[in-house]
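This report refers to the structure that appears directly beneath it.
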Amino acid sequence: MRTTAPRSRACRALARTAAAAALAAVLAGCQAEGGGKAGERGAQAEARPRWNTAPASVAAVGDSITRGFDACSVLADCPEASWATGSDPAVRSLAARLLGEGAVATRSWNHAATGSRMADLAGQLTAAAEHKPGLVTVMVGANDACRATAASMTPTADFREGFEKALAALRAGSPASQVYVSSIPDLQRLWQQGKDLPVVRQVWRLGICPSMLADPLSSAAEATARREQVRARVVEYNEVLREVCGKDPLCRYDGGAVFRYPFAAEQLSRWDWFHPGKAGQARLAELAHGQVTSAEPPR
C-alpha cells in the first residue's frame, strides 16, 4: 500500500502534465492559424495598389458636360471651360489644380464628345489609354437618360455591359491608369431649377432632354410618372457606376457627390439652363479635386 499511493500520485501528475502540453499545442496551433489569416489579410491589403493623390497627367472622357458645351457660347463646345481638363482660370479645372495651369496643354487630353452615351465610352477610353495617363476622368450617362421618351432610355443592363466593356478597353491599353468616375447629375433637380422661368421653358422646347423636360409645367399623373421614371433610371445608372468601378482597385467613384449637388440657376448655362456654365464647371472641378486628392475614397 505504501508504494501504490506515491505511484498513483505520480500517474496523476504525469496526466496533468500531458494534458497541459496537449492544450498548449492546440493553443499554439490556433495562434499560428489566426496569425496566418491576419498575415494573409495584411498581405492582401499591401498588395492592393495605393491611390496616387498627385497623378502626373489627366485624360477626360464622357459627354457634353466634359466638353464644356454651352459654357461659353450658344450651341457650341467650350473645352477650355471643361471641369476636367480646361485651361480657363475662371474654372480652374481638375487638371489645372493637379498639374498646374502651365502643364494643362501638354499633360491633359479631352476625348469626351457632345452627345455621347455609354455605348461610346469604350472607344473614348481606348483613345485615352494611348497617353498612358496617370488619371482618367469619366462622366457619362446623362444622354442615356435624356432621350426622346422615357421608354427609349438605355436599359440598365446594357448600361452595365457598356461600362464593363469600357473599363476593360482602358485596362487593355493602360493597366496602371487611375480612374475617377463622376456620378450623373440629378436631372429632376435641374428641371426644378428652371421650370418656372418662361425663357427657360422656351429654350427647353428646342428639344433638350425631352424625357425629363417635356411639358415642364405639367402636373398630370403621366408627366409626373415620366419624370420619376427618368430619375429612377439615373439612380440605377449611378449604382452601376459604383458597383463596376468598385471591382477595379484603381477606380474611385465619387460616392454620388455630383448627383446630390444642388446646382443653382446661376451655375447653369445661360443659353440652355441645363448644362453647367463656368460657375457650375468650377464646382465640378472642385468636387473632383477634393476626392482625387483624398487619401481615402468617399464613403
Given 3.5 Å as the limit, does a donor-acceptor pair link the side chain of Ser177 with the main chain of Lys132, or not? no
Side chain of Arg67, backbone of Gly115: donor and acceptor closer than 3.5 Å? no
Would you name the heavy atoms of Ala145 and Tyr237 that are closest together and state the gap between them? N-CE1, 3.9 Å
Would a hydrophobic clustering, with Ile, Leu, Val, Met, Phe, Trp and Tyr connected at side-chain separations under 4.5 Å, put Val199 with Phe274? yes
Find the distance between OH (Tyr180) and CH2 (Trp51) and round it off to the nearest 0.5 Å. 9.5 Å
Do you know the tightest heavy-atom contact between Asn143 and Ser116? ND2-O, 2.8 Å
Considering only residues two or more places apart or on different chains, which pairs with a residue in residues 56-114 satisfy ring pair (Phe, Tyr, Trp, His ring centres under 6.0 Å)? Phe69-His275, Trp109-His131, His111-His131
Rounded to the nearest 0.5 Å, the CZ atom of Phe263 sits from the CZ atom of Arg189 at a distance of 9.0 Å
Point-to-point distance, once rounded to the nearest 0.5 Å, from CE of Met118 to CG of Asp158: 11.0 Å
In Å and rounded to the nearest 0.5 Å, what is the CG to OG distance from Asp70 to Ser64? 8.5 Å
Give a yes or no on whether Leu268 and Val234 share a hydrophobic cluster (residues Ile, Leu, Val, Met, Phe, Trp, Tyr; joining criterion: side-chain heavy atoms under 4.5 Å apart). yes
In terms of hydrophobic clustering (I, L, V, M, F, W, Y; side-chain heavy atoms under 4.5 Å; direct or indirect links), are Val258 and Leu135 co-clustered? yes
From the options Leu241, Val138, Val179, Asp248, select the one residue that forms a side-chain contact (heavy atoms from CB on, under 4.5 Å) with Tyr253. Leu241
Decide yes or no for Arg107 and Pro133: does some side-chain heavy atom of the first lie under 4.5 Å from some side-chain heavy atom of the second? no
Hey, is the main chain of Ile184 close enough, under 3.5 Å, to the side chain of Asn238 for a donor-acceptor pair? yes
Would you say Arg226's side chain and Ser211's backbone share a donor-acceptor pair under 3.5 angstrom? yes
Can you see which heavy atom on Ala84 is nearest to which on Thr137, and at what distance? CB-OG1, 3.6 Å
Do Met139 and Val235 land in one hydrophobic cluster if side-chain heavy atoms of ILVMFWY residues count as linked below 4.5 Å? yes
With rounding to the nearest 0.5 angstrom, report the CD to CG distance, Gln267 to Leu284. 8.5 Å
Neighbour count above 12 (heavy atom, 6.0 Å) for Arg117 CZ: no
Donor-acceptor contact below 3.5 Å, side chain Ser152 vs main chain Arg147: no
Approximate separation, where rounding is to 0.5 Å, of Asp144 CG and Thr154 OG1: 3.5 Å
Val136 vs Val61, side-chain contact (heavy atoms from CB on, under 4.5 Å): CA-CA, chis, key distance, verdict: CA-CA 7 Å; Val136 180; Val61 298; 4.3 Å; yes
Atom CD of Glu164 with >12 non-hydrogen neighbours under 6.0 angstrom: yes
Any idea which heavy atoms bring Met212 and Arg231 closest together, and the distance? CE-N, 4.2 Å
